[in-house]
Participant: 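Got a structure for you, written out below as structure tokens; questions coming shortly.
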Amino acid sequence: MLRFHPRGALVALVALVATVAAPIAAAWGPVGHRVVADLAERQLDARALAEVRRLLKPVDERNLADVATWPDDIRNDPTKKALWKDTSPLHYINFLDKTCIYVPPRDCPDGKCVVGGLQKYVAILGDRHRSDADRRDALRFVVHFVGDVHQPLHAGYRDDKGGNEVQVRFEGKGENLHKVWDSGLLGTRDLRWKAYADTLAAEGPVKLPDPIAPLSNPYAQWAEESCRITRDDGVYPNGRDISPVYIKANLPIAERRLREAGKRLAVLLNKTIG
């Protein structure tokens, strides 16, 4: 027979409050981030791949997939507490409304959004005068943030915190819509990340979306694309149930964004370190 334990109930309550209050961070979950990284690595040119290997070798990491979740993992590393505090706002952007137009002072004050995060860490990665340690961390952030910005609800709306405050039922359990897109949809494939990457790579080259004017900031364009998907493509369900019909309609959207993220990450790294 189950027994009620006051201390256990208190611990559970504290954990629940901490989860609700925690910053939004884990776009795609480990599977999705590693899929993006693996798809990108398959498309690197020889010079960029060699530089990736050189930067990662001193820490016994070899592949982009090895570092793809590091910017989320540091949340639980006491030695990285300050870095997590500084970088946690860089995993997402919350647009003001459904116009999905990026206005930097409003949507990314002081560069504190995923667009600003990419601008910062791409610059560090490409600066050969910086230390290898700085550039290695920058590589980790770039790999991760390209994945983040392609998850539609990481470029959602302020009023519901990118779907975090939209409660739904998924696979018979209560869940929020953001988490369904982080990992739930991809999880319905029941594939490990390497097999998932193989499956998506077998579909051949992905056609990237048309550019959105103005063209001066590609990272902002990627964020606006995600916001428009959230607005236009049925990401918000009718009612509370995440039904098989919803999954059938939206899983291809999520997988297309993984493929687009992989392609763009490869192009970005080839340009920056190739």
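The figures here come from the full heavy-atom set of this structure, side chains too, leaving out hydrogens, waters and symmetry mates. This is a predicted model, so every value here is computed, not measured.
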Participant: State plainly whether the residues Glu41 and Arg53 are in salt-bridge range, i.e. N to O under 4.0 Å.
Facilitator: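 Arg53 and Glu41: salt-bridged.
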Participant: Give a yes or no on whether a salt bridge exists between Arg257 and Glu260, defined as a side-chain N under 4.0 angstrom from a carboxylate O.
Facilitator: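 Looking at Glu260 together with Arg257, the answer is yes, because their closest N to O distance falls below 4.0 Å.
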Participant: Do Gln221 and Pro211 come within less than 4.5 Å of each other through their side chains, counting heavy atoms only?
Facilitator: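 Yes, side chains in contact.
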Participant: Taking everything shown except Asp110 itself, do over 12 heavy atoms lie less than 6.0 Å from its CG?
Facilitator: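 No.
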Participant: Do Arg136 and Leu139 come close enough that some side-chain heavy atom pair is under 4.5 Å?
Facilitator: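 When only atoms from C-beta onward are counted, Leu139 and Arg136 do not touch, as no gap falls below 4.5 Å.
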Participant: Are a donor atom and an acceptor atom from the side chains of Gln151 and Tyr92 found within less than 3.5 Å of each other?
Facilitator: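 There is no such pair (donor and acceptor under 3.5 Å, judged by atom type) between the side chains of Gln151 and Tyr92.
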Participant: What I'd like to find out is whether the side chain of Leu269 reaches to under 4.5 Å of the side chain of Glu51, using heavy atoms alone.
Facilitator: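 Answer no - side chains too far apart.
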Participant: Using every non-hydrogen atom in the two residues, find where Gly116 and Cys108 come nearest and quote the distance to one decimal.
Facilitator: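 Scanning both residues, the minimum pair turns out to be N-SG, 3.7 Å.
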Participant: So Trp84 and His91, ring-ring contact (aromatic ring centres under 6.0 Å, His included) or not? Walk me through it.
Facilitator: CA-CA 11 Å; Trp84 168 253; His91 292 249; 5.7 Å; yes
Participant: What heavy-atom pair brings Val52 and Arg62 nearest, and what distance separates the two atoms?
Facilitator: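 The pair with the smallest heavy-atom distance is CG1-O, 4.3 Å.
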Participant: So do Phe95 and Thr230 actually touch side chain to side chain, heavy atoms under 4.5 Å?
Facilitator: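 SC-SC contact between Thr230 and Phe95 ruled out.
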Participant: Once rounded to the nearest 0.5 Å, what's the spacing between atom CG of Asn164 and atom CG of Asp182?
Facilitator: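 It comes to 8.0 Å.
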Participant: Side chains of Thr99 and Asp97: do they bring a donor and an acceptor to under 3.5 Å?
Facilitator: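 Result is yes, a qualifying pair exists.
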Participant: Examine distances only and state if a side-chain atom of Asn270 and a backbone atom of Asp45 form a donor-acceptor pair shorter than 3.5 Å.
Facilitator: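 Yes; judged by distance alone, with no hydrogens or angles, the pair exists.
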Participant: Measuring from atom CZ of Arg106 to atom CG of Leu96, what distance do you get when rounded to the nearest 0.5 angstrom?
Facilitator: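 Result: 4.5 Å between the selected atoms.
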Participant: Do the side chains of Val35 and Leu186 get nearer than 4.5 Å, heavy atoms only?
Facilitator: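 With C-beta onward as the side chain, the pair stays apart.
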Participant: Has the side chain of His33 got a donor or acceptor atom that lies under 3.5 Å from a matching backbone atom of Thr69?
Facilitator: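 Not at all, since once roles are kept as given, no pair shorter than 3.5 Å links the two residues.
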Participant: Does any N or O in the side chain of Arg130 come within less than 3.5 Å of the main-chain N or O of Arg135, such that one atom is a donor and the other an acceptor?
Facilitator: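 No, because the side chain of Arg130 does not come within donor-acceptor range (under 3.5 Å) of the backbone of Arg135.
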Participant: For Ala48 versus Ile273, what's the shortest heavy-atom pair and its separation?
Facilitator: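 Scanning both residues, the minimum pair turns out to be O-CD1, 3.8 Å.
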Participant: Are the charged groups of Arg158 and Asp107 less than 4.0 angstrom apart, N to O?
Facilitator: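 Yes.
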Participant: Which residue in the set Val245, Val235, Ile229 passes side chain to side chain contact (heavy atoms under 4.5 Å, CB included) when paired with Asn250?
Facilitator: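 Of the listed residues Val245, Val235, Ile229, the side chain to side chain contact (heavy atoms under 4.5 Å, CB included) partner of Asn250 is Val235.
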Participant: State whether a side-chain donor-acceptor pair under 3.5 Å links Asp160 with Tyr236.
Facilitator: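 Short answer, yes.
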Participant: I'd like to know if the side chain of Arg240 and the backbone of Gln167 have a donor-acceptor N/O pair within less than 3.5 Å.
Facilitator: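 Checked: pair present.
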Participant: Would you check if Leu90 and Phe141 make a side-chain contact, meaning some heavy-atom pair closer than 4.5 Å?
Facilitator: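 They are not in contact (no side-chain heavy atoms under 4.5 Å apart), so the answer is no.
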Participant: Between atom CG of Asp127 and atom CG of Asp134, what is the distance when rounded to the nearest 0.5 Å?
Facilitator: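 These two atoms lie 9.5 Å from each other.
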Participant: Work out which heavy atom in Ala40 is nearest to a heavy atom in Ala266; give both atom names and the distance.
Facilitator: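 In this case the closest contact between Ala40 and Ala266 is O-CB, 3.5 Å.
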Participant: Would the distance check show the side chain of Trp181 and the main-chain N or O of Pro152 forming a donor-acceptor pair, the cut-off being under 3.5 Å?
Facilitator: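 No: the side chain of Trp181 does not pair with the backbone of Pro152.
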Participant: Can Leu251 be reached from Leu177 by stepping across I, L, V, M, F, W or Y side chains whose heavy atoms are under 4.5 Å apart?
Facilitator: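 In one cluster with Leu177: Leu251, yes.
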Participant: Measure across Cys100 and Glu224 and return the closest heavy-atom pair with its distance rounded to 0.1 Å.
Facilitator: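 Distance-wise, the nearest heavy atoms are O-CG, 3.2 Å.
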Participant: Under the criterion side-chain contact (heavy atoms from CB on, under 4.5 Å), I'd like the reasoning laid out for Leu55 against Leu125: C-alpha separation, chi angles, the key distance, then a yes or no.
Facilitator: CA-CA 10 Å; Leu55 287 171; Leu125 178 60; 4.2 Å; yes
Participant: Less than 4.0 angstrom from a charged side-chain N to a carboxylate O is my criterion; do Lys80 and Asp137 meet it?
Facilitator: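 Here Lys80 does not pair with Asp137 in a salt bridge, since their nearest N and O are not under 4.0 Å apart.
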Participant: Output yes when a side-chain donor or acceptor of Thr272 lies under 3.5 Å from a complementary backbone atom of Gly126, and no otherwise.
Facilitator: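 No, because the side chain of Thr272 does not come within donor-acceptor range (under 3.5 Å) of the backbone of Gly126.
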Participant: Residues in salt bridge (charged side-chain N to carboxylate O under 4.0 Å, His left out) with Glu61, at least two apart?
Facilitator: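 Glu61 satisfies salt bridge (charged side-chain N to carboxylate O under 4.0 Å, His left out) with Arg140 once adjacent residues are dropped.
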Participant: Does a side-chain heavy-atom distance below 4.5 Å link Arg34 with Asp38?
Facilitator: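 With C-beta onward as the side chain, the pair stays apart.
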Participant: Looking only at non-hydrogen atoms, find the nearest pair between Glu171 and Thr188 and report the distance.
Facilitator: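 Taking Glu171 first and Thr188 second, the nearest heavy atoms are OE2-CG2, 4.1 Å.
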Participant: Can Arg189 and Thr199 be said to form a side-chain contact (heavy atoms from CB on, under 4.5 Å), step by step?
Facilitator: CA-CA 11 Å; Arg189 279 279 207 171; Thr199 298; 4.3 Å; yes
Participant: Looking at side-chain heavy atoms only, is the closest gap between Pro237 and Ile242 below 4.5 Å?
Facilitator: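 The answer is yes; the side chains approach within 4.5 Å.
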Participant: Residues in salt bridge (charged side-chain N to carboxylate O under 4.0 Å, His left out) with Glu165, at least two apart?
Facilitator: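 Glu165 satisfies salt bridge (charged side-chain N to carboxylate O under 4.0 Å, His left out) with Lys161 once adjacent residues are dropped.
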Participant: Would you compute the distance between atom OG of Ser226 and atom CD1 of Ile253 and round it to the nearest 0.5 angstrom?
Facilitator: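 Going from OG on Ser226 over to CD1 on Ile253, the span is 11.0 Å.
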Participant: Show every ring pair (Phe, Tyr, Trp, His ring centres under 6.0 Å) that has at least one partner inside residues 204-227, sequence neighbours left out.
Facilitator: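 Listed by first then second residue: His150-Trp222, Tyr219-Trp222.
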Participant: Can you tell me how far apart NE2 (His144) and CD1 (Ile74) are? Round to the nearest 0.5 Å.
Facilitator: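 His144 NE2 to Ile74 CD1: 9.0 Å, rounded to 0.5 Å.
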